[in-house]
Amino acid sequence: MQAIFAQHALLGSTWRQHVRVCVEDMHIQAIEVQTTPQPGDVQVDTLLPALANLHSHSFQRAMAGMTETRAAGRDSFWTWREMMYRFVTHLTPEDYEAIAALVFLEMQETGYASVGEFHYVHHQPDGTPYDAVSELSQRVFAAAAQTGIGLTHLPVLYSYGGPQRAELGAGQKRFGNDVGAYLDLVAEARQASRALPADTRVGIAPHSLRATCPEDLTELLAGRETRSIHIHIAEQLKEVEDIRLWLGETPVAWLLQNAPVDDTWCLIHATHMTEAETVDLAHSGAVAGLCPITEANLGDGPFNGPAYVQSGGRFGIGSDSNVCISLTEELRALEYSQRIRDHSRNVMVPGEGSVGAHLYLSAATGGVQALSRDSGEIRIGKLADLVAIDRTDPALLALNDAQLLDGLCFAAKDRVVTDLWSAGRHQVRAGRHVARDAILANYKAAIARLVDVI
């Protein structure tokens, strides 16, 4: 049993003072309010439910900054993708583990207790499977074990190089599987994941409609054994048009009409939707997986936020390419993208009220739904995914309880995070991950090798 004593804690949507939270076997076992600390308690200033990072490609962290030089012609997502293909060719399994561990550490230090790793690099550079077909998934598991982060692993089905079953390109050979090979990989990954803590999950992820086909998607869903199904859906206008020309509908419309989309689904980059699609997705119960920093970095465009939140849509946030890992910047980028597009302020809230509170609490519940993770609030029986922040920081010092989440979302830096627990595992203390030195040393060694070969 461990206990956390907080001067302030957010229980549901209510602020309470002098709160003692008792944790055992990964879960919150008891909550006392208006109490006093006991010997051995971890004492913090302000305790919040920690968020889930619902969408990550961890390996891309190591190429951050490599694609920000303009070349002849017009740069786009598609030109960025070619650089990513060249980069991934050089990654060894050891590199993959070292990079993922650093990424997971950085996520925890910014306030994420868990991650959905959307994992599509499966094979050797020429497309040959490793002896263990889940070798690189197991490297992700090793990184999660090093950091203690809560993991929902999402092996990706990537069968085609583009719409209409185009052949895989040279840069996509490491990704490719047919449905049968993919299901074998998932089964092996599930077996390997049993060595991790009991809060670990393994879901499924058809990469996108352009990298699969209707028949394969039907076959995959017929045998699913998961409550987490993630798919890239409508990131780019070209993608939307390509799918419309092939399948007769835009990606969101086609998926909602032809797949059993419900609260087990997460649609990543639901960026380009009509008003009708926006409302239909909101009513489906699925989560819109939004990655505002990456979506801005890649020039994807802004999400249709106002109609979605007014229709009761659920959303969470992810760091995707990991070009910048910051929970607070992700939330503010989501809101600011709406303000820039609509020439308005305080957009991402239905009706009236605190934008920061709606952003944070919606992302908390939507993120854990997407990861099939029983957390997202400080309540007895929930996983102890908790983050402590310092409200004496200059960015938060002047704010009352009703303003605090606004300050966190729009004014604070990551330095306000003092402690973080992933399913009760106290991994960040005094703002620093407990395994930082060893993980950073391994990452630096991997990068030193990579810069010599890229």
Side-chain angles (χ1 to χ4, degrees), residues 26-28 48-58 100 103-104 106-108 110-120 137 140-141 143-145 147-156 186 189-190 193-194 196-207 224-233 261-270 284-291 294 313-320 322 325 327 330-331 360-379 381-387 420-425 427:
M26 302 191 300
H27 292 81
I28 298 170
L48 300 170
L51 267 61
N53 183 330
L54 58 64
H55 189 67
S56 164
H57 310 299
S58 61
V103 167
F104 296 165
E106 290 185 299
M107 290 176 184
Q108 289 171 301
T110 68
Y112 293 110
S114 58
V115 60
E117 182 65 14
F118 195 97
H119 175 74
Y120 55 80
S137 287
V140 174
F141 296 161
T147 59
I149 200 167
L151 176 66
T152 294
H153 188 56
L154 298 158
V156 169
V186 171
R190 285 195 174 125
S193 73
R194 293 177 183 174
L196 293 177
D199 58 303
T200 306
R201 300 286 181 269
V202 176
I204 58 173
H207 178 274
R224 69 182 176 105
E225 299 176 6
T226 180
R227 284 195 56 79
S228 294
I229 309 167
H230 290 222
I231 185 170
H232 288 146
I233 194 61
V261 177
D262 58 16
D263 62 0
T264 65
W265 285 72
C266 180
L267 276 59
I268 305 295
H269 307 309
S284 74
V287 175
L290 309 176
C291 308
T294 295
R314 307 172 191 183
F315 66 86
I317 58 169
S319 56
D320 193 3
N322 296 299
I325 300 173
L327 184 155
E330 212 73 67
L331 290 171
Y360 191 93
L361 296 177
S362 295
T365 57
V368 300
Q369 176 182 319
L371 300 193
S372 188
R373 191 168 178 83
D374 190 18
S375 58
E377 59 179 316
I378 303 176
R379 183 158 63 85
K382 293 289 186 180
L383 284 172
D385 287 350
L386 305 168
V387 62
L420 180 124
W421 291 261
S422 294
R425 300 179 290 270
Q427 299 302 122

Measure the spacing between [atom1] of [X] and [atom2] of [Y] and express it to the nearest 0.5 Å.
{"X": "Phe118", "Y": "Ile231", "atom1": "CZ", "atom2": "CD1", "answer": "7.5 Å"}
{"X": "Leu327", "Y": "Met107", "atom1": "CG", "atom2": "CE", "answer": "11.0 Å"}
{"X": "Leu154", "Y": "Arg201", "atom1": "CG", "atom2": "CZ", "answer": "12.5 Å"}
{"X": "Ile229", "Y": "Ile204", "atom1": "CD1", "atom2": "CD1", "answer": "4.5 Å"}
{"X": "His232", "Y": "Leu267", "atom1": "NE2", "atom2": "CG", "answer": "11.0 Å"}

Heavy-atom closest pair, residues [X] and [Y]:
{"X": "Gln108", "Y": "Ser422", "result": "NE2-OG, 3.2 Å"}
{"X": "Gly111", "Y": "Val387", "result": "CA-CG2, 4.0 Å"}
{"X": "Ala363", "Y": "Leu331", "result": "CB-CD2, 4.1 Å"}
{"X": "Ala113", "Y": "Ile149", "result": "O-CG1, 3.5 Å"}
{"X": "Val261", "Y": "Ala286", "result": "CG1-CB, 3.8 Å"}
{"X": "Val202", "Y": "Pro155", "result": "CG1-CD, 4.0 Å"}

Determine yes or no for a side-chain-to-main-chain donor-acceptor pair under 3.5 angstrom, with [X] supplying the side chain and [Y] the backbone.
{"X": "Gln369", "Y": "Gly285", "result": "yes"}
{"X": "Arg425", "Y": "Gly148", "result": "yes"}
{"X": "Tyr360", "Y": "Pro49", "result": "yes"}
{"X": "Asp385", "Y": "Ala423", "result": "yes"}
{"X": "Asn53", "Y": "Ser319", "result": "yes"}
{"X": "Ser375", "Y": "Lys382", "result": "no"}
{"X": "Thr264", "Y": "Arg227", "result": "no"}
{"X": "Ser114", "Y": "Gly150", "result": "no"}
{"X": "Glu117", "Y": "Leu151", "result": "no"}

Just jot down the ring pair (Phe, Tyr, Trp, His ring centres under 6.0 Å) partners of [X], sequence neighbours excluded, or say none.
{"X": "Trp265", "result": "none"}
{"X": "Phe141", "result": "His153"}
{"X": "His230", "result": "none"}

Asp320 vs His57, test: side-chain contact (heavy atoms from CB on, under 4.5 Å). Steps then yes/no. CA-CA 6 Å; Asp320 193 3; His57 310 299; 2.8 Å; yes
Side chains of Asn322 and Ser56, donor plus acceptor under 3.5 Å: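 Judged by distance alone, the side chains do pair up.
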Mind running side-chain contact (heavy atoms from CB on, under 4.5 Å) on Phe104 and Gln427 for me, showing each step along the way? CA-CA 11 Å; Phe104 296 165; Gln427 299 302 122; over 6 Å; no
Heavy-atom side-chain proximity of Asp374 to Asp199 below 4.5 angstrom: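 When only atoms from C-beta onward are counted, Asp199 and Asp374 do not touch, as no gap falls below 4.5 Å.
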Heavy-atom distance under 4.5 Å between the side chains of Leu371 and Cys266, does that happen here?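 Answer no - side chains too far apart.
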Test side-chain contact (heavy atoms from CB on, under 4.5 Å) applied to Arg314 and Asp263, step by step: CA-CA 9 Å; Arg314 307 172 191 183; Asp263 62 0; 4.0 Å; yes
For Ile28 and Leu386, run side-chain contact (heavy atoms from CB on, under 4.5 Å): C-alpha distance rounded to whole Å, both residues' side-chain angles, the deciding distance at 0.1 Å, then the answer. CA-CA 10 Å; Ile28 298 170; Leu386 305 168; 4.3 Å; yes
